[in-house]
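This report refers to the structure that appears directly beneath it.
Residues: numbered from 1 along the sequence shown.
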Amino acid sequence: MGEMVLAGYGMDKAVRSSVSFETPCGRLLRELEQIWTEIGEREEDKDRMFLELETECMRVYRRKVDSANAERSQLRQSLMAKEAELKVLVASIGEITPKFKVDEKQSLKEQLAKVTPLLEDLRSKKEERIKQFSLVQSQIEKIKAQISDHNNQHDNGPVNHSKDNHDLSTRRLSDLQAELRNLQKEKSDRLQKVFIYVDEVHCLCSVLGMDFAKTVKDVHPSLHGANSENSTNISDSTLEGLTETILKLKAEKRTRVSKLQEIVGKLLKLWNLMESTEQERRHFTRVAAVLGSTEEEITSSSVLSLETIQETEEEVERLTKQKASRMKELVLKKRLELEDICSNAHMEPDMSTAPEKITALIDSGLVDPCELLSSIETQIAKAREESLTRKDIMEKVDRWLSACDEETWLEEYNQDSSRYSAGRGAHINLKRAEKARILVQKIPSMIDNLIAKTFAWEDERSVPFLYDGARLVAILEEQKLRRVQKEEDKRRHRDQKKLQSLLLKEKELIFGSKPSPKKTSSFNRRTSSHHPNGNGAGFMTPAPRRVSAGSATPELLTPRSYSGRYNNYFKENRRLAAAPLNFSTVSKEDSMSSFASISGSEPDSPLVLH
């Protein structure tokens with residue numbers, strides 16, 4: 001339409017008259033022409049004013065065209081800039097986005113409207129990616145600073161990573177996150193190691209009685225009183241400091257353990273020596289446990305403190321002073337213990353440490369009481385050891401002596417004329433007698449076994465087996481001989497009794513009647529009193545077996561002392577050794593007296609059947 005108006009401005013009058021004035025511009029020209037006509041403007045002036053109007057319209061159109069060209073250029077530049085930015089963002093964040101293509105059929109504004117949402121979306125993703133990178137990188141830098149023990153200078157403000165904004169891809173973000181995880185793991189490991197070291201330092205300080213807070217603060221102030229993981233220093237220097245501290249504390253603990261164990265060893269010896277009460281020992285119970293423990297087992301609080309060691313040393317010094325005043329009493333007490341052990345084992349104690357000698361030596365000051373005590377303790381140990389080697393034989397000796405006691409009781413029981421009466425306890429004695437007879441029959445085998453055992457013991461040790469100072473084999477041999485002699489006497493008595501019975505029966509057949517008991521009794525008393533060696537049974541008791549010249553005397557072969565019932569048995573042996581054996585009873589004496597009165601012969605004369 002503008003082109004039609006401009007074309008109309010340059011026409012002549014004929015042509016202008018034929019121009020359509022239906023358009024708004026045409027109607028205005030027509031109206032203007034009418035006005036000029038009414039005014040009376042000349043044609044030349046009208047042409048000139050139409051020309052001016054046409055020039056002015058051209059200027060207006062030119063401005064519009066220029067403005068449209070400028071806007072088109074701006075739109076093109078904007079579209080190109082956004083396309084370039086879109087490419088940069090896609091390359092930077094590594095997003096897989098549909099490639100934007102310019103469609104010439106679409107207007108510039110349509111193209112801009114299509115690219116702008118994509119650009120805004122990538123911009124927001126870039127900002128989010130930048131935040132992720134910034135967070136990860138700041139954490140990485142922070143952990144690195146903690147590990148390298150540098151000041152956390154990045155905590156005061158944001159970290160500038162603009163130089164790395166060109167690469168915001170997910171691959172690089174994954175790499176940074178992997179690096180962060182590795183650093184976090186290293187930090188966790190270091191933190192765990194620090195906690196373990198600090199806990200070990202705490203345990204060592206507790207045992208050694210040292211100030212834990214001061215010890216760890218000397219390594220790093222953050223190790224004590226920290227409320228969170230971030231406030232605990234985990235640098236290499238801190239770990240090295242803790243390691244050195246632990247080594248120093250362990251060395252100090254090792255030194256104190258060695259020193260305290262030495263002191264406790266002395267303390268225990270003094271306790272045993274002084275026989276301290278449980279109440280006196282109770283205060284040092286924890287300290288005494290150090291002696292039998294390893295370094296790792298010693299965990300009691302302040303048990304290795306300097307105060308504890310000093311207190312233990314003072315207790316050792318106090319007991320050492322008391323020991324000097326009580327040493328004589330302790331030595332004599334140990335001597336009594338030695339004598340008790342030897343007495344129970346029927347051994348002879350060493351006379352070099354007899355009580356009177358000990359007292360004289362201590363009073364004279366020639367011998368250290370500790371040496372005497374050590375000597376007696378050695379003798380006690382030897383006595384206990386020898387007592388164990390003698391235990392088997394001593395048990396057999398006890399059983400043998402018990403059997404001998406039963407034999408003595410059985411002999412007394414057999415001589416009791418009322419043993420078969422129906423009194424109270426008669427059946428018990430009958431049972432005991434039956435058991436005693438069985439046991440007495442085993443006495444010879446007991447003696448033989450004892451002799452064999454004793455010989456084996458002596459051959460093994462090349463020393464005689466002494467029983468209260470006398471050789472046990474000699475005692476057993478003597479008792480064996482006496483038993484043989486005793487059995488021989490009993491056999492003779494039985495043979496003589498049978499012979500007497502036969503002679504009495506023969507006399508009764510010859511004379512036809514028994515002599516009166518009254519006369520027999522008188523004759524019996526008379527013959528017994530007249531016979532110089534008579535024993536009331538009408539026959540001679542054989543003399544005891546004499547010991548050969550090469551053997552020991554009966555006094556040396558007989559034990560000197562026994563406890564309880566065993567003394568009676570060996571006393572009986574001594575009595576038998578000093579006097580003739582007599583196994584006759586009252587009934588036997590009466591029978592022999594009766595026989596002597598009838599036959600008219602002496603009781604001790606040999607009896608022969610014709």
Side-chain angles (χ1 to χ4, degrees), residues 197-216 218 245-338 340-341 353 358 362 365 367-385:
Y197 286 172
V198 170
D199 185 64
E200 188 171 359
V201 171
H202 182 270
C203 293
L204 290 171
C205 289
S206 175
V207 173
L208 297 173
M210 300 175 64
D211 188 359
F212 166 71
K214 182 178 181 302
T215 303
V216 294
D218 291 341
T245 302
I246 290 172
L247 293 176
K248 291 180 181 178
L249 291 177
K250 284 184 176 180
E252 180 66 20
K253 180 180 180 180
R254 193 177 303 111
T255 303
R256 294 190 186 184
V257 166
S258 177
K259 182 178 181 180
L260 188 59
Q261 285 180 342
E262 181 181 356
I263 298 172
V264 170
K266 297 178 182 178
L267 181 63
L268 291 178
K269 290 182 179 179
L270 290 171
W271 277 350
N272 297 330
L273 190 64
M274 305 291 290
E275 295 183 349
S276 301
T277 61
E278 187 65 27
Q279 185 177 1
E280 293 175 345
R281 301 185 184 192
R282 187 178 298 116
H283 182 65
F284 295 92
T285 303
R286 290 192 311 119
V287 178
V290 173
L291 189 60
S293 304
T294 60
E295 292 184 21
E296 292 76 13
E297 294 174 345
I298 301 174
T299 56
S300 300
S301 178
S302 301
V303 72
L304 297 178
S305 64
L306 297 177
E307 293 78 7
T308 302
I309 296 176
Q310 183 178 359
E311 186 178 0
T312 309
E313 288 177 338
E314 292 174 354
E315 179 68 11
V316 170
E317 293 177 0
R318 184 183 69 83
L319 292 177
T320 303
K321 294 178 181 178
Q322 289 185 359
K323 183 187 74 172
S325 62
R326 293 185 56 189
M327 187 55 67
K328 182 177 180 180
E329 177 184 351
L330 292 172
V331 171
L332 293 175
K333 193 170 183 179
K334 288 291 181 180
R335 172 64 189 186
L336 290 177
E337 182 181 350
L338 175 62
D340 290 340
I341 294 173
T353 55
I358 291 175
I362 293 177
V367 179
D368 186 6
C370 293
E371 295 181 0
L372 280 176
L373 186 63
S374 177
S375 176
I376 294 176
E377 287 178 346
T378 303
Q379 294 175 10
I380 289 174
K382 290 182 179 179
R384 285 175 176 166
E385 183 179 355

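- The two residues Val290 and Val303 have their closest heavy-atom pair at CG2-CG2, 3.9 Å.
- The closest side-chain heavy-atom distance from Leu204 to Met210 is not below 4.5 Å.
- With hydrogens and angles ignored, the 3.5 Å screen pairs no side-chain donor or acceptor of Ser258 with any backbone N or O of Arg254.
- The backbone N or O of Ser374 sits less than 3.5 Å from a side-chain atom of Thr378, completing a donor-acceptor pair.
- Counting heavy atoms of neighbouring residues, nucleotides and ligands inside a 6.0 Å radius, atom CD of Gln279 does not exceed 12 of them.
- With values rounded to the nearest 0.5 angstrom, Thr277 atom OG1 is found 8.0 Å from Arg282 atom CZ.
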Kindly list each side-chain donor-acceptor pair under 3.5 angstrom involving residues 291-299, sequence neighbours excluded, with atom names and distances?
{"unit_1": "Ser293", "atom_1": "OG", "unit_2": "Ala289", "atom_2": "O", "d": "2.7"}
{"unit_1": "Glu297", "atom_1": "OE1", "unit_2": "Thr294", "atom_2": "N", "d": "3.2"}

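- Considering CG of Leu373 and NZ of Lys333, their distance stands at 12.0 Å, rounded to 0.5 Å.
- Lys266 is listed as a side-chain neighbour of Glu262, based on a closest heavy-atom distance under 4.5 Å.
- Distance CD1/Ile341 to CG/Leu336: 11.5 Å, rounded to 0.5 Å.
- Using modelled atom types, no side-chain atom of Glu313 and backbone atom of Ile263 make a donor-acceptor pair closer than 3.5 Å.
- Using a 4.0 Å cut-off between a side-chain N of Lys or Arg and a carboxylate O of Asp or Glu, Lys334 and Glu337 qualify as a salt bridge.
- Remark: side-chain polar atoms of Thr312 are not paired, donor with acceptor, to backbone N or O of Leu260 under 3.5 angstrom.
- When atom types are taken as modelled, the side chain of Ser206 and the backbone of His202 share no donor-acceptor pair closer than 3.5 angstrom.
- Looking at residues two or more places apart in sequence or on another chain, you find no ring-ring contact (aromatic ring centres under 6.0 Å, His included) involving His283.
- Here the side chains of Arg318 and Gln322 are in contact, with some heavy-atom distance below 4.5 Å.
- Here Leu267 contributes atom CG and Ser276 contributes atom OG; the two are 8.0 Å apart, rounded to the nearest 0.5 Å.
- A 4.5 Å side-chain heavy-atom check between Leu249 and Lys253 finds every atom pair outside the cut-off.
- Side-chain N or O atoms of Arg335 include one that pairs as donor or acceptor with a backbone N or O of Thr353 at under 3.5 Å.
- Under a 3.5 Å cut-off, the side chain of Arg281 and the backbone N or O of Leu268 do not form any donor-acceptor pair.
- Looking only at side-chain heavy atoms (C-beta outward), Ile376 and Ile358 come within less than 4.5 Å of each other.
- Of the possible polar contacts, one joining the Thr215 side chain to the Asp211 backbone as a donor-acceptor pair under 3.5 Å is found.
- The shortest distance between side-chain heavy atoms of Glu311 and Phe284 falls below 4.5 Å.
- Although no hydrogens or angles enter the test, the distance criterion places a donor-acceptor pair under 3.5 Å between the side chain of Arg256 and the main chain of Leu208.
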